[in-house]
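Every heavy atom of this structure was used, including side-chain atoms; hydrogens, water molecules and symmetry mates were not.
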Number of protein chains: 2
Amino acid sequence: MPTLDEVARLAGVSRATASRAINGGSRVSAKAAEAVAEAVRTLGYVPNPAARSLVTRKTETVAMVVPESDERVFADPFFARTLHVVTQALAQRDLQVVLLIAQPGDEMQRTLRYLRGGHVDGAIVVSHHRNDALADHLAAIGLPAAFIGRPLTGAEKVFYTDPDNIAGAREVTNILIERGCRRIGTITGPVDMSAGTDRAAGWRSALDAAGLATDAVVEGDFTEDGGEAACEILLRDHPDIDGLMVASDLMAAGALRVLDRAGRRVPDDIAVVGYDDLGIAERTTPPLTTVKNPIGDMAREAVRLLLAQLDGGTTIPRRVVFAPELVRRTSA
Amino acid sequence: MPTLDEVARLAGVSRATASRAINGGSRVSAKAAEAVAEAVRTLGYVPNPAARSLVTRKTETVAMVVPESDERVFADPFFARTLHVVTQALAQRDLQVVLLIAQPGDEMQRTLRYLRGGHVDGAIVVSHHRNDALADHLAAIGLPAAFIGRPLTGAEKVFYTDPDNIAGAREVTNILIERGCRRIGTITGPVDMSAGTDRAAGWRSALDAAGLATDAVVEGDFTEDGGEAACEILLRDHPDIDGLMVASDLMAAGALRVLDRAGRRVPDDIAVVGYDDLGIAERTTPPLTTVKNPIGDMAREAVRLLLAQLDGGTTIPRRVVFAPELVRRTSA
DNA sequence: CCCGAGAGTGGAAGCGCTCTCACTCCCCAC
DNA sequence: GTGGGGAGTGAGAGCGCTTCCACTCTCGGG
């Protein structure tokens with residue numbers, strides 16, 4: 001592997017000039033720049049990133065942290081879409097993305113050590129839970145970071161983007177109320193995630209405003225099987241429900257299967273609404289009325305928040321909240 | 001950030017001893033080792049990876065290269081499973097995985113520069129195509145690598161694992177022949193991938209042996225929509241087919257939808273077999289008879305091949321081929 | 001009692017790069 | 001003519017670490 005020294009020698013300049021020529025080239029004569037470029041070409045020189053980052057203290061790498069089981073990461077279109085957008089957005093700045101999938105426990109310790117070790121310049125965190133305490137940890141490490149989805153603890157210490165889940169859930173529940181449902185249940189997300197608690201809160205707020213009962217609640221886990229199981233419990237304990245707000249389309253798909261098996265027609269016997277609108281909602285039978293989760297926008301904004309920190313601008317945490325958008329189909 | 005120097009000073013030893021104590025600890029007295037460990041703990045010392053890899057010439061990082069559009073990467077369970085297994089296997093050796101998704105073109109150039117730049121110790125390549133010429137490129141760079149799936153060019157220069165696609169396709173096609181199909185078509189994979197050409201070759205070989213016509217061929221692209229489109233063409237051009245071998249379950253799922261719409265009963269009017277058995281095959285209607293693609297084994301083996309190179313053992317290319325395994329369901 | 005082996009240690013070189021600083025030009029305004 | 005300033009350059013320090021080498025010290029065997 002050729003070094004900068006050899007490039008400089010071949011180009012007939014000093015190592016300092018060669019370095020300047022390679023990085024941006026300001027304060028370098030056209031002649032010198034050309035000679036260096038030529039030398040780089042003939043030698044096939046590629047800068048050694050370790051040496052470079054040893055002195056610049058930059059790695060040009062960003063971690064995408066997903067404190068979740070790998071099965072879920074790939075089963076849920078949410079992650080795919082997020083990773084896609086994040087990767088694209090960071091690639092424009094020539095930043096590499098390292099995907100860190102780590103559940104709480106040993107793996108998480110390894111991940112934190114990795115983040116603390118200076119392997120990356122910053123982190124994007126997605127699908128975090130209360131007990132991973134990532135916001136606190138990252139704030140303690142002092143690593144620039146942006147969260148997608150509001151952390152349940154330590155939110156005030158970090159940058160994050162969040163959909164207005166409370167408003168979204170309230171509005172979509174109102175669709176059920178307006179169409180005449182009087183006994184409305186919900187399958188929530190995990191209560192250790194803000195998307196879980198907020199959407200449940202929105203559901204409750206809509207029912208409270210309408211003077212309806214809020215006891216038909218089962219916690220789900222954002223998976224299809226979990227939605228199925230939750231729906232079975234719900235039907236058993238509250239057989240009279242005529243409306244159902246499910247906190248994610250994936251869970252709703254599972255719930256629809258259960259309703260179908262139970263012989264309940266949707267939306268006639270029971271109207272169902274979901275949440276997310278990431279492709280699944282239009283493929284269920286019947287297609288789901290749902291709320292759009294603007295993950296593309298959120299991911300892009302999270303990248304922007306991260307870059308703002310990397311560029312040395314802000315260090316005072318900022319947050320960006322996205323308004324919900326209803327998508328009406330035939331399930332309610 | 002504390003440095004090794006500070007650790008050494010606090011422990012009352014030299015930097016050299018502190019370094020030895022931290023890495024393995026051979027040739028270090030128990031007393032010194034304990035003092036260093038204590039100092040590391042109180043200082044919260046984490047080694048600087050850039051400095052370390054500058055001298056060791058190791059990065060403890062492995063790239064997983066996927067020359068494919070990001071949509072496909074996440075739509076196809078093949079990648080999820082592969083990435084999962086690779087990540088798990090490498091984590092046991094404390095190796096980080098960097099996911100590089102890059103289609104031919106500019107992105108590919110960036111990726112190659114990244115690989116050449118010494119950011120990673122090795123690479124696992126999956127879903128490569130003829131024109132990306134990755135085997136040639138990686139061999140030229142001299143980077144330790146292992147391919148999952150035989151490269152169509154340069155296969156002799158690299159380590160790879162491969163399922164025996166020809167045998168698998170032949171055997172699954174024989175199921176169609178044995179059940180009495182006489183007009184058997186195929187939807188192939190992309191012909192610029194070995195999985196595409198090999199499975200088509202296996203299909204052809206089975207038909208040749210049985211003395212049947214091999215003209216009902218349409219090329220697909222390993223996506224669900226592509227399978228749908230290919231099946232429509234096939235039905236239009238060869239309305240008399242009574243058997244269909246599809247080169248992937250995902251495409252077969254699309255084909256089944258087309259057959260359903262066309263009013264053809266499966267398997268009575270037309271028997272269908274797929275390939276891969278990664279979860280989709282059991283969820284289609286009817287469930288697919290298919291061939292198991294042992295991607296877990298292949299991925300693990302690829303990691304083993306890579307580690308063999310990293311550990312300085314072999315440099316003479318080796319390959320491991322996996323025998324096919326039929327999975328009988330109701331579609332044929 | 002001495003010598004050699006081996007364990008443990010520290011000094012110092014050096015990995016490949018960036019960047020500060022001091023220097024030399026050269027040009028232009030006065 | 002002279003002085004000031006900007007453009008271009010190179011010497012050299014130093015980023016934090018590993019590792020070679022030389023050294024000391026402790027034993028056990030002859």
Side-chain angles (χ1 to χ4, degrees), chain A residues 1-40 43-61 94 113-114 116-121 310 312, chain B residues 1-40 43-61 94 113-114 116-121 310 312:
Chain A
M1 286 268 95
T3 72
L4 186 59
D5 246 326
E6 304 172 36
V7 171
R9 214 172 310 141
L10 183 59
V13 299
S14 73
R15 201 170 61 240
T17 300
S19 174
R20 276 186 293 257
I22 287 166
N23 308 303
S26 81
R27 288 225 173 325
V28 174
S29 66
K31 183 156 143 284
E34 178 45 42
V36 170
E38 175 65 23
V40 165
L43 256 40
Y45 170 76
V46 181
N48 179 322
R52 179 176 272 180
S53 88
L54 180 58
V55 33
T56 59
R57 272 117 201 300
K58 289 256 162 282
T59 61
E60 307 296 318
T61 303
D94 256 304
R113 207 173 53 223
Y114 189 83
R116 202 175 309 116
H119 289 87
V120 297
D121 296 341
L310 294 184
Chain B
M1 286 269 95
T3 72
L4 186 59
D5 245 327
E6 304 172 35
V7 171
R9 213 172 309 139
L10 183 58
V13 298
S14 74
R15 201 169 61 237
T17 300
S19 174
R20 276 187 292 257
I22 287 165
N23 308 303
S26 82
R27 288 222 173 322
V28 174
S29 66
K31 184 157 141 282
E34 178 45 43
V36 170
E38 175 65 23
V40 166
L43 256 40
Y45 169 76
V46 182
N48 179 322
R52 178 176 274 182
S53 88
L54 181 58
V55 32
T56 60
R57 275 123 199 296
K58 288 256 162 285
T59 61
E60 307 297 318
T61 304
D94 256 304
R113 207 172 54 222
Y114 189 82
R116 203 175 308 117
H119 288 87
V120 297
D121 296 340
L310 294 184

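- Taken to the nearest 0.5 Å, the CG atom of L4(A) stands 10.5 Å off from the CZ atom of R9(A).
- Separating the CG atom of L4(B) from the P atom of dC15(D) is a distance of 13 Å, rounded to the nearest angstrom.
- Between K31(A) atom NZ and dA7(D) atom C1' there is a gap of 14 Å when expressed in whole angstrom units.
- In this structure, T56(B) contributes its side chain and R52(B) its backbone to a donor-acceptor pair below 3.5 Å.
- We find that CG of N23(A) is positioned 17 Å from P of dG16(C), with the value rounded to whole Å.
- Atom CE in M1(A) sits roughly 15 Å away from atom C1' in dC17(C) (whole-Å rounding).
- Side-chain nitrogen and oxygen atoms of T17(B) include at least one within less than 4.0 Å of the OP1 or OP2 phosphate oxygen of dG10(C).
- The residue among V13(B) and R57(B) whose nearest nucleotide of DNA chain C lies closer to the 5′ end is V13(B).
- To the nearest angstrom, P of dC21(D) lies 14 Å from CZ of R27(B).
- Distance from the side chain of S14(B) is smallest for dG10(C) among the nucleotides dA13(D), dC15(D), dG10(C).
- Here the CZ-CG distance, from R57(B) to D121(B), works out to 12.0 Å after rounding to the nearest 0.5 Å.
- Using a distance-only test at 3.5 Å, with no hydrogens or angles considered, a donor-acceptor pair links the side chain of T61(B) to the main chain of T59(B).
- Atom pair R52(A):CZ and dG14(D):C1' shows a separation of 17 Å (rounding to whole Å applied).
- Between T3(B) and dG16(D) there is no side-chain N or O to OP1 or OP2 distance below 4.0 Å.
- An OP1 or OP2 oxygen of dC15(D) is reached within less than 4.0 angstrom by no side-chain nitrogen or oxygen of N48(B).
- If you measure from atom CG of D5(B) to atom P of dG16(D), you get 9 Å, rounded to the nearest angstrom.
- Heavy atoms of A32(B) sit under 4.0 angstrom from primed sugar atoms or phosphate atoms, though from no base atom.
- One finds no side-chain N or O of S29(A) lying less than 4.0 angstrom from the OP1 or OP2 phosphate oxygen of dG8(D).
- Atom CZ of R20(B) is separated from atom C1' of dT19(D) by 8 Å (rounded to the nearest Å).
- Between S19(A) and dT18(C) there is a side-chain N or O to OP1 or OP2 distance below 4.0 Å.
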